[in-house]
Student: 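Take this structure, written in structure tokens, and hold onto it; I'll ask about it next.
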Amino acid sequence: MKLNGQRRRKGLNFFETVYTMVSKIPRGRVATYGQIARLAGNPRASRIVGCALHMCPASGGIPCHRVVNREGRLAPADAFGGAGMQKSLLAAEGVSVNADGYVDLEKYCWDGREHVPE
DNA sequence: GCAATGACGCAGC
DNA sequence: AGCTGCGCCATTG
């Protein structure tokens, strides 16, 4: 195996895999970057998940607002287009978000069992 | 091809 | 429910 540089993933770039996983997050539930990264095949690529969502091709139907960091904290407001927007979107799906921008991972963390990869 | 970056994760303070 | 520093991996310039 070459260096961990441009490693391919079955023809699908990591980004696409990430988008797929995120789009599979059930409504009213949230997933962490680490979770997505793990499902994508690289538990260490949490940053890549963030990078992928940063582009946020909403045109593809990527619910970036359902993705939170490992603490259950929402991404920086300016990151997805508007402070409080992500919070509102989650609240609209039934996810309680704190004024600090925190969600109860204990209750809303996505198990991923609904996805069942491979 | 190399260097820099990034919506993170974890360990340490 | 802090803050800082370092690491990890893929994308972009």
Side-chain angles (χ1 to χ4, degrees):
Chain A
M1 199 54 130
K2 290 163 61 70
L3 295 174
N4 40 357
Q6 294 81 11
R7 193 204 286 172
R8 293 282 180 179
R9 208 93 221 132
K10 299 178 181 175
L12 289 178
N13 289 354
F14 218 95
F15 274 43
E16 293 217 35
T17 310
V18 172
Y19 297 144
T20 304
M21 297 303 169
V22 176
S23 65
K24 289 172 197 291
I25 302 174
R27 182 173 166 287
R29 197 79 50 99
V30 297
T32 69
Y33 292 94
Q35 183 69 55
I36 303 300
R38 202 158 85 103
L39 292 170
N42 288 314
R44 310 282 164 144
S46 49
R47 309 185 67 117
I48 317 305
V49 180
C51 195
L53 289 175
H54 180 100
M55 298 170 164
C56 199
S59 311
I62 312 302
C64 352
H65 58 269
R66 286 188 195 153
V67 188
V68 298
N69 68 17
R70 134 150 189 49
E71 295 179 86
R73 218 248 268 183
L74 277 52
D78 46 276
F80 61 96
M85 192 174 90
Q86 183 174 21
K87 188 157 63 87
S88 301
L89 288 167
L90 288 171
E93 297 187 352
V95 179
S96 302
V97 184
N98 259 322
D100 297 304
Y102 280 80
V103 302
D104 294 271
L105 285 176
E106 295 296 299
K107 297 186 296 186
Y108 301 112
C109 66
W110 178 42
D111 298 279
R113 48 190 160 186
E114 295 189 54
H115 169 216
V116 190
E118 300 187 47

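As the structure is a computational prediction, the values presented were derived from the model and not from experiment. In what follows, chains are A, B, ... by sequence order, proteins preceding strands, each numbered from 1.
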Student: Side-chain donor-acceptor pairs under 3.5 Å in residues 80-93 of chain A, sequence neighbours left out?
Tutor:
residue: A:Gln86; atom: OE1; partner: A:Ala75; partner atom: N; Å: 3.4
residue: A:Gln86; atom: NE2; partner: A:His65; partner atom: O; Å: 3.1
residue: A:Gln86; atom: NE2; partner: A:Val67; partner atom: O; Å: 3.4
residue: A:Ser88; atom: OG; partner: A:Gly84; partner atom: O; Å: 2.9
residue: A:Glu93; atom: OE1; partner: A:Arg66; partner atom: NE; Å: 2.8
residue: A:Glu93; atom: OE2; partner: A:His65; partner atom: NE2; Å: 3.1
residue: A:Glu93; atom: OE2; partner: A:Arg66; partner atom: NE; Å: 3.2
residue: A:Glu93; atom: OE2; partner: A:Arg66; partner atom: NH2; Å: 3.0

Student: Quick one, A:Phe15 with A:Ile48, criterion side chain to side chain contact (heavy atoms under 4.5 Å, CB included). Give me CA distance, side-chain angles, the key distance, then yes/no.
Tutor: CA-CA 8 Å; A:Phe15 274 43; A:Ile48 317 305; 3.9 Å; yes
Student: Nearest 0.5 Å, please: how far is CG in A:Asp111 from CD in A:Gln35?
Tutor: 8.0 Å
Student: Output side-chain donor-acceptor pairs under 3.5 Å for residues 21-28 of chain A, partner residues at least two apart or in another chain, one line each.
Tutor:
residue: A:Ser23; atom: OG; partner: A:Tyr19; partner atom: O; Å: 3.1
residue: A:Ser23; atom: OG; partner: A:Thr20; partner atom: O; Å: 2.6

Student: Which heavy-atom pair separates A:Val18 from A:Ala40 by the least distance, and what is that distance?
Tutor: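 Looking at all heavy atoms of both residues, the closest pair is CG2-CB, 4.4 Å.
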Student: How long is the line joining CD1 of A:Ile36 and C1' of C:dC9, in whole Å?
Tutor: 16 Å
Student: Side chain of A:Glu71 only, heavy atoms from C-beta on: which candidate in B:dA7, C:dG2, C:dT12 is closest?
Tutor: C:dG2
Student: Show each protein N/O and nucleotides 10-13 of chain B N/O combination with a separation under 3.5 Å, one pair to a line.
Tutor:
residue: B:dC10; atom: OP2; partner: A:Arg70; partner atom: NE; Å: 2.4

Student: Would you find more than 12 non-hydrogen atoms of other residues, nucleotides or ligands less than 6.0 Å from A:Arg29 atom CZ?
Tutor: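 Yes, enclosed.
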Student: Polar-atom pairs under 3.5 Å, protein N or O versus N or O of nucleotides 3-5 of chain C: list them with distances, or write none.
Tutor:
none

Student: If you look at every heavy atom in A:Ser46 and A:Tyr33, which pair is closest and at what distance?
Tutor: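 That closest heavy-atom pairing would be O-CB, 4.1 Å.
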Student: Are A:Ile62 and A:Val68 connected into the same hydrophobic cluster when the rule is that any two of I, L, V, M, F, W, Y join if their side-chain heavy atoms are below 4.5 Å apart?
Tutor: no
Student: Does A:Asn42 place a side-chain N or O at less than 4.0 Å from the phosphate oxygens OP1/OP2 of C:dA10?
Tutor: yes
Student: In terms of hydrophobic clusters joined by side-chain contacts under 4.5 Å, are A:Leu74 and A:Leu105 together?
Tutor: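 The answer is yes; both residues are in one hydrophobic cluster.
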Student: List in numerical order all residues of residues 45-53 of chain A for which some heavy atom is under 4.0 Å away from an atom belonging to DNA chain C.
Tutor: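 Heavy-atom contacts with DNA chain C come from A:Arg47, A:Ile48.
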Student: Could you pull out the closest heavy-atom pair between A:Ala31 and A:Ile36, with the gap in Å?
Tutor: CB-CD1, 3.9 Å
Student: Quick one: A:Phe15 CZ to B:dA7 P, roughly how many Å, whole number?
Tutor: 11 Å
Student: Starting from P on B:dC8, measure out to CG on A:Leu74 and report it in whole angstrom.
Tutor: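 Value for this atom pair: 11 Å.
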Student: Would you mind reading off the distance between A:Asn69 atom CG and B:dC8 atom P, rounded to a whole angstrom?
Tutor: 7 Å
Student: Give the rounded distance in Å between these two atoms: NZ of A:Lys87 and P of C:dA1.
Tutor: 19 Å
Student: Between C:dT12 atom P and A:Phe14 atom CZ, what is the distance in whole Å?
Tutor: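 It works out to 14 Å between those atoms.
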Student: Give, ordered by number, those residues of residues 95-106 of chain A having at least one heavy-atom distance below 4.0 Å to an atom of DNA chain C; if nothing qualifies, reply none.
Tutor: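 Under 4.0 Å from DNA chain C: A:Asn98, A:Asp100, A:Tyr102.
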Student: Tell me whether A:Asn98 contacts the main-chain N or O of A:Gly101 through its side chain, where contact means a donor paired with an acceptor under 3.5 Å.
Tutor: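 A pair under 3.5 Å: no.
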Student: Please report, rounded to the nearest Å, how far the P atom of C:dC9 is from the NE2 atom of A:His54.
Tutor: 22 Å
Student: Rounded to whole angstroms, how far apart are OH on A:Tyr19 and C1' on C:dA10?
Tutor: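 About 11 Å, once rounded to whole Å.
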